[in-house]
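Right, one structure below, let's go through it.
We count residues from 1, following the sequence as given.
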Amino acid sequence: MARATLGNERVSIGGGVSGGFEVANVFDLYRERGAHVPAAAERVGRHVAEGHALRLLNLRRAERAVVGGEPGPEGNITKLVLAERGQTVAALFLDFAGPEAAFAEGLGAAAGTSALAWRGMTIAGGTSEITRNQIAERILGLPRDPLLR
């Protein structure tokens, strides 16, 4: 029962893939501010590619739910990738905002909120370490961690 509950929770947690940036917004920021951000083109490209991959995993998960299947491994994987992605998105967002990140409105406020909130996603619904263990044991079939006595 606990595994089914966590599996369904991961479906909802992994459902959002933008990480604070919609594709159009990130391209607008890149056009406006990319010249002042180190490796901006590569970072934006990685952000967009990861977003597409996460959307495809979400579609696979949705298809499984529509036909009445149980939550699959996609929930754990998207939850982990989304949580870890938050850090790189926050860093990119802060770089685009530059000194404006200190402001309480506009782009600076959004970038600051992203930077403060990303760590919470590595904890919400189970820490990234727990998620890695679940992926290792239940998806990859690796042995369980030895119990500490």
Side-chain angles (χ1 to χ4, degrees), residues 2-65 71-145 148:
R3 285 184 186 170
T5 301
L6 282 174
N8 285 310
E9 182 182 48
R10 282 174 178 12
V11 167
S12 65
I13 289 173
V17 296
S18 69
F21 278 136
E22 295 302 325
V23 171
N25 298 16
V26 76
F27 287 141
D28 289 342
L29 286 171
Y30 174 74
R31 278 191 290 277
E32 294 169 14
R33 299 165 181 252
H36 306 290
V37 175
E42 292 85 0
R43 293 166 70 190
V44 167
R46 187 175 299 115
H47 171 75
V48 172
E50 277 183 354
H52 287 310
L54 286 167
R55 281 183 193 83
L56 291 173
L57 283 172
N58 286 338
L59 285 173
R60 179 183 290 176
R61 198 171 57 229
E63 179 185 20
R64 181 178 285 124
E74 300 88 3
N76 280 325
I77 294 167
T78 52
K79 191 278 183 198
L80 178 63
V81 172
L82 186 62
E84 301 298 318
R85 182 179 189 211
Q87 180 179 8
T88 58
V89 169
L92 181 58
F93 212 1
L94 286 172
D95 284 348
F96 278 137
E100 293 175 42
F103 297 157
E105 55 189 37
L107 177 62
T113 299
S114 175
L116 293 173
W118 77 265
R119 182 60 81 180
M121 275 305 292
T122 65
I123 299 168
T127 66
S128 292
E129 289 76 17
I130 290 171
T131 303
R132 282 188 184 91
N133 278 344
Q134 290 176 336
I135 291 169
E137 294 169 9
R138 296 193 185 109
I139 298 171
L140 300 176
L142 297 175
R144 293 185 59 146
D145 281 339
L148 299 175

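The environment of Glu137 atom CD is dense: over 12 non-hydrogen atoms of other residues, nucleotides or ligands sit within 6.0 angstrom.
The structure places NZ of Lys79 at 8.5 Å from CD1 of Ile130, a figure rounded to the nearest 0.5 Å. Put simply, CG on Leu80 and OG1 on Thr127 are 10.0 Å apart, with the number rounded to the nearest 0.5 Å. The CG atom of Leu92 sits 11.5 Å away from atom CD of Glu42, with the distance rounded to the nearest 0.5 Å. Distance check, rounded to the nearest 0.5 Å: CG of Leu82 to CZ of Arg85 gives 7.0 Å. Between atom CG of residue Leu142 and atom CZ of residue Arg132 there is a gap of 14.0 Å, rounded to the nearest 0.5 Å.
Annotation: side chain of Asn76 is not in contact with side chain of Arg138 (no heavy-atom distance under 4.5 Å). Side-chain contact between Leu107 and Leu29 is present, with heavy atoms from C-beta onward closer than 4.5 Å. Using a 4.5 Å heavy-atom cutoff, the side chains of Arg33 and Glu100 are in contact. Side-chain contact between His47 and Thr88: absent, with no pair of heavy atoms (C-beta onward) separated by less than 4.5 Å.
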### Task
Begin with the C-alpha distance, continue with both residues' side-chain angles, and end with the deciding distance and a verdict on salt bridge (Lys or Arg N to Asp or Glu O under 4.0 Å) for Arg43 and Asp95.
CA-CA 11 Å; Arg43 293 166 70 190; Asp95 284 348; 2.8 Å; yes
### Message
Let's go through Ile139 and Ile77 carefully: what are the C-alpha distance in whole Å and the side-chain angles of both, what is the deciding distance for side chain to side chain contact (heavy atoms under 4.5 Å, CB included) to 0.1 Å, and is it a yes or a no?
### Response
CA-CA 10 Å; Ile139 298 171; Ile77 294 167; 4.3 Å; yes
### Query
Between Tyr30 and Val37, is a side chain to side chain contact (heavy atoms under 4.5 Å, CB included) present by the stated rule, with each step listed?
CA-CA 9 Å; Tyr30 174 74; Val37 175; over 6 Å; no
### Task
Carefully, step by step, assess Phe96 and Val44 under the rule side chain to side chain contact (heavy atoms under 4.5 Å, CB included).
CA-CA 11 Å; Phe96 278 137; Val44 167; 3.9 Å; yes
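A distance-only check finds a donor-acceptor pair linking the side chain of Arg55 to the backbone of Gly51 [under 3.5 Å]. Between the Thr113 side chain and the Ala109 main chain, a donor and an acceptor come within less than 3.5 Å of each other.
Between Leu94 and Ala111, the shortest heavy-atom contact is CD2-O, 3.8 Å.
Residues satisfying the side-chain hydrogen bond (donor to acceptor under 3.5 Å, both in side chains) test with Arg60, not counting sequence neighbours, are none. In this view, Ser128 and Glu84 satisfy the side-chain hydrogen bond (donor to acceptor under 3.5 Å, both in side chains) rule, not counting sequence neighbours.
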